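First up is the structure itself, then whatever we jot down about it.
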Amino acid sequence: MDTNRLSKKMAAALNDQITEEANAAQIYLSYGAWAAGEGYNGIARFLFRHAEEERNHMMKVLEYIIKRGGAVKLAAIAAPPDNPNNIGSCFGKIYEHEVSNTKMIYVLVKKCMEEEDWATWNFLQWFVKEQTEEETFAMNLVDKVKLAGNEKSGNNAMYILDRDMDSATGEVASATDVTAVNP
Ligand code: OFO
């Protein structure tokens with residue numbers, strides 16, 4: 001008896017998303033290693049923690065395919081991009097990456113509509129919300145380094161930024177959780 005509840009196209013697109021999330025983990029890992037090499041150990045640990053978050057995203061998709069009776073097919077992970085030139089460009093690239101991942105999630109959601117796969121559409125709404133938060137998180141990184149003045153500002157501001165990032169969680173509150181007394 002065939003218990004697969006995913007169409008061929010849907011399963012292929014979800015498997016591609018597994019690769020995309022694994023690629024994202026690889027990018028954060030690589031930028032973290034670069035940051036550590038530059039002496040930014042707080043930023044490095046922050047990026048390593050985020051690499052784990054990307055792997056969690058990957059596992060969510062993988063588990064979903066299994067739970068729907070589909071077949072998981074892992075693919076090769078691409079080499080990470082070249083190292084950034086400085087922390088400003090590192091955070092800028094992270095922002096661009098998150099926007100591009102959001103676009104991939106939107107393509108997946110569109111595919112659910114074409115395939116009339118409402119279960120997967122419902123599953124993906126978590127990712128739609130998560131990507132809104134991931135974009136805000138990356139936007140905040142860009143703002144932080146702008147405020148610190150990037151490397152031009154001298155060592156003190158970058159030292160403080162690095163120290164603060166060591167304990168930063170990377171979690172961003174959803175706009176829908178905001179209230180007037182708790183903005
Ligand atoms: Fe998986 O959210 Fe970032 O890429």
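Predicted, not measured: the structure shown is a model, and the values here were computed from it. Note that ligands are numbered from 1 as they come in the structure, with each ligand's atoms numbered from 1 the same way.
- Between Lys129 and Glu133 there is a salt bridge, since a side-chain N of the basic residue sits under 4.0 Å from a carboxylate O of the acidic one.
- Considering every non-hydrogen atom in both Cys90 and Tyr31, the closest pair reads SG-CD1, 3.8 Å.
- Both Trp126 and Ile105 sit in one connected hydrophobic cluster of ILVMFWY residues. Membership requires side-chain heavy atoms under 4.5 Å apart, directly or through other members.
- If you number the atoms of ligand 1 from 1 as listed, the ones under 4.0 Å from a heavy atom of His97 come out as 4 (O).
- Excluding waters, the protein N/O/S atoms found under 2.8 Å from atom 1 (Fe) of ligand 1 are Glu21 OE1, Glu54 OE1, His57 ND1.
- The side chain to side chain donor-acceptor pair (under 3.5 Å) with Asn101 is formed by just one residue from the set Glu96, Glu54, Glu135, Gln17; it is Gln17.
- Counting heavy atoms of neighbouring residues, nucleotides and ligands inside a 6.0 Å radius, atom CZ of Arg163 exceeds 12 of them.
- Contact detail for Ala35 and Ile43: the closest heavy-atom pair is CB-CG2, 4.1 Å.
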